[in-house]
Amino acid sequence: MSILEQLRSRFERALVIAYGETVEDRADVMLVPASNPRFGDYQCNVAMSLTKALKDNPRTIATQIVQHLEISDICEDPEIAGPGFINLKLKPDYLEAQLNSMVGDRRMGIAPTNAPEKVIVDFSSPNIAKEMHVGHLRSTIIGDCIARILEFQGHDVLRLNHVGDWGTQFGMLITYLREAYPDALTTADALDLGDLVNFYRQAKVRFDQDPDFKETARKEVVRLQAGAEDSRRAWQLLCDQSRREFQVIYDLLDVQLTERGESFYNPLLLGVIADLEQTGLLVESDGAQCVFLEGFTNKDGEPLPLIVQKSDGGYNYATTDLAAVRYRINQDQAVKIIYITDAGQANHFTQVWQVAQKAGWIPETVELIHVPFGLVLGEDGKKLKTRSGDTVRLRELLDEAVNRARADLENRLAEEGRSESAEFIEHVAQIVGMSAVKYADLSQNRTSNYSFSFDKMLSLQGNTAPYLLYAYVRIQGISRKGKIDFEQLGTGAKIHLQAEPELILARHLLQFDLIIDEVATELLPNRLCQYLFELSQKFNQFYDQCPVLKAEIPQRISRLGLCDLTAKTLKLGLSLLGISVLERM
Ligand code: ARG
């Protein structure tokens, strides 16, 4: 049982004794970490919430609860403050016992859930032949982190890459290549397709300028979606090419995904339309098949339709998502489906889900969640662009992060007069570069826009990946310097808390489980970043104020134990962000 769970059950018992079973049913004990450490570690706000039900003032209720509360083995005497907050401070003995039980546990005392769920995280999802842009980078980094956290909790997570491999871009691209490089559509590698994006741009120019081209391209999509052999072959070649390019990025970021693109659902689209027809939701409007939505109107205040089949018979993004949500519920048996895209797609999901809901496809047990995120801005506060105004290529952006990390490292080595092998430099530059990019993204509240700055993200100061990595390295340095093998400290390492910085660090270490729960519920990775940042700060304060290797036994062993728990928590926490640690840097 976590600390919070233990405290919660003690409060529930006190409530029952004080006010009888019925109160307990009505009240959530409202136990939360203290808003200010001066008030203690936790606070219970239940007294305020019970004033109506019990027709009494909250301070009296708080006093009643405290009278029946048995927690002297965990906390100091509770204090009632303000209108009726009950403040709790953990006892050092209890802190010590908790920490000692964490030593040697790779999960830092966090048990896997006893109610594992099938969860789908739909993330990354770039569009084939189009640019994989920084928005997809955000989705990839945030989605991977959320998937890692749910996996750690013990859920059965399916990581789906819903790539856009079925849209109108293929009509354009195939029509263009058929004209300009016909061989490219029949023979693999007939043309170096390394720059599909450039072909796409040229095709788009033709599409926008030439009405005949536009018409042919539109027909081409319909042919492809109807399964014409030559179109399918061309499409396959283009997809393979894009897939190889995306894989380079996923390898660099160390992200695993199962590709299940839009095309996967093609055979199911007919069924979607037929079933919508059956439920009576389908309405023809200007030749297109639509479902009218509630809560969405056009400029003139008329109800807005969601088009599910265009007048030319073609299907669209929404149709695919309707098929996907059904498949995920019925075939994958997912009970939670999390979609990670930019905030601009919020309406799309609300609309698709509304239609699926109306059609009766979403059982009550299933939760659909959109996890929106803001834009990536340049340092000028505008949408991130290259100097020439083009979209930033992800590959180049990641390479630059590594190059800058390498340059920083080489400067530092020169300053410190250190010499290191080429492999060491390469390894450190890779890890620092990738983690800086990931951490800069994850440490922001995802709902806001954030500005991308290599200088900031690579700085050794502040809330950055290098700062956290360095805290870990510092601890590994202690073990090297003192020739200490943390694994050998074992359970003999009795932690005994004396100095204030030790207590502060200990309290923070014990909140890790709470943070993991919070991140999993609110799907906000920045909470975990903030926690790890504070952990590093608290460790640094402890290490600056409390001698470790110079302390006498048994204090030395105890402090080494604290160092070890900090390192393991950092390592685990960073791994949940998709960041690997370094032993030296
Ligand atoms: N391909 C889309 C885009 O680039 C994202 C897909 C998100 N997932 C979904 N099931 N619609 O914007």
Side-chain angles (χ1 to χ4, degrees), residues 119-144 146-147 157-173 196-197 200 204 221 225 235 238-239 242-243 245-247 249-250 255 257-266 268-269 272 306-308 315-332 334 336-357 361-362 366-376 383-384 391-394 446 523:
V119 184
I120 287 180
V121 186
D122 172 325
F123 71 105
S124 192
S125 309
N127 301 315
I128 287 198
K130 289 201 209 166
E131 199 94 52
M132 183 168 178
H133 53 71
V134 280
H136 296 118
L137 183 68
R138 284 210 87 176
S139 174
T140 310
I141 293 171
I142 296 170
D144 180 53
I146 288 175
V157 180
L158 178 57
R159 302 155 153 258
L160 285 184
N161 199 1
H162 190 84
V163 293
D165 60 356
W166 208 233
T168 43
Q169 75 264 35
F170 288 100
M172 239 159 32
L173 203 58
L196 254 188
V197 172
Y200 177 77
K204 180 91 171 73
V221 184
Q225 297 191 344
W235 169 79
L238 296 172
C239 290
S242 262
R243 205 167 279 135
E245 287 171 35
F246 296 157
Q247 198 53 47
I249 307 278
Y250 298 140
V255 169
L257 275 153
T258 300
E259 184 181 321
R260 205 195 265 167
E262 293 178 13
S263 65
F264 175 89
Y265 303 97
N266 190 47
L268 308 173
L269 300 180
V272 167
L306 179 72
I307 299 178
V308 291
Y315 305 105
N316 55 24
Y317 189 43
T319 331
T320 315
D321 261 323
L322 283 168
V325 78
R326 280 222 293 190
Y327 190 90
R328 292 167 180 187
I329 293 170
N330 299 333
Q331 263 64 41
D332 296 320
K336 202 185 249 185
I337 312 177
I338 304 175
Y339 297 77
I340 316 229
T341 77
D342 60 288
Q345 298 199 33
N347 275 348
H348 163 76
F349 288 111
T350 314
Q351 295 176 351
V352 167
W353 298 343
Q354 187 190 105
V355 171
Q357 194 83 46
W361 299 342
I362 319 286
V366 171
E367 207 184 340
L368 303 174
I369 305 167
H370 180 219
V371 171
F373 54 81
L375 302 173
V376 183
K383 234 176 147 167
L384 189 68
T391 10
V392 176
R393 309 291 297 266
L394 291 193
R446 57 170 165 74
L523 305 174

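Atoms within a ligand are numbered from 1 in the order they appear, just like the ligands themselves.
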Is there a side-chain contact between W235 and D165, using heavy atoms and a 4.5 Å cut-off? yes

Got more than 12 heavy atoms from elsewhere within 6.0 Å of CG, L375? yes

Protein residues having a heavy atom less than 4.0 Å from any atom of ligand 1: D122, S125, N127, H136, H162, Y317, D321, Y339, T341, Q345, F349

Sequence neighbours left out, what pairs pass salt bridge (charged side-chain N to carboxylate O under 4.0 Å, His left out) with at least one residue falling in residues 133-144? R138-D441, D144-R148, D144-R159

Which of N266, T320, N316 passes side chain to side chain donor-acceptor pair (under 3.5 Å) with W166? It is N266

Tell me which pairs pass side chain to side chain donor-acceptor pair (under 3.5 Å) where either residue lies in residues 346-356, with sequence neighbours left out. D321-H348

The criterion is side-chain hydrogen bond (donor to acceptor under 3.5 Å, both in side chains); which residues satisfy it with R260, sequence neighbours excluded? D332

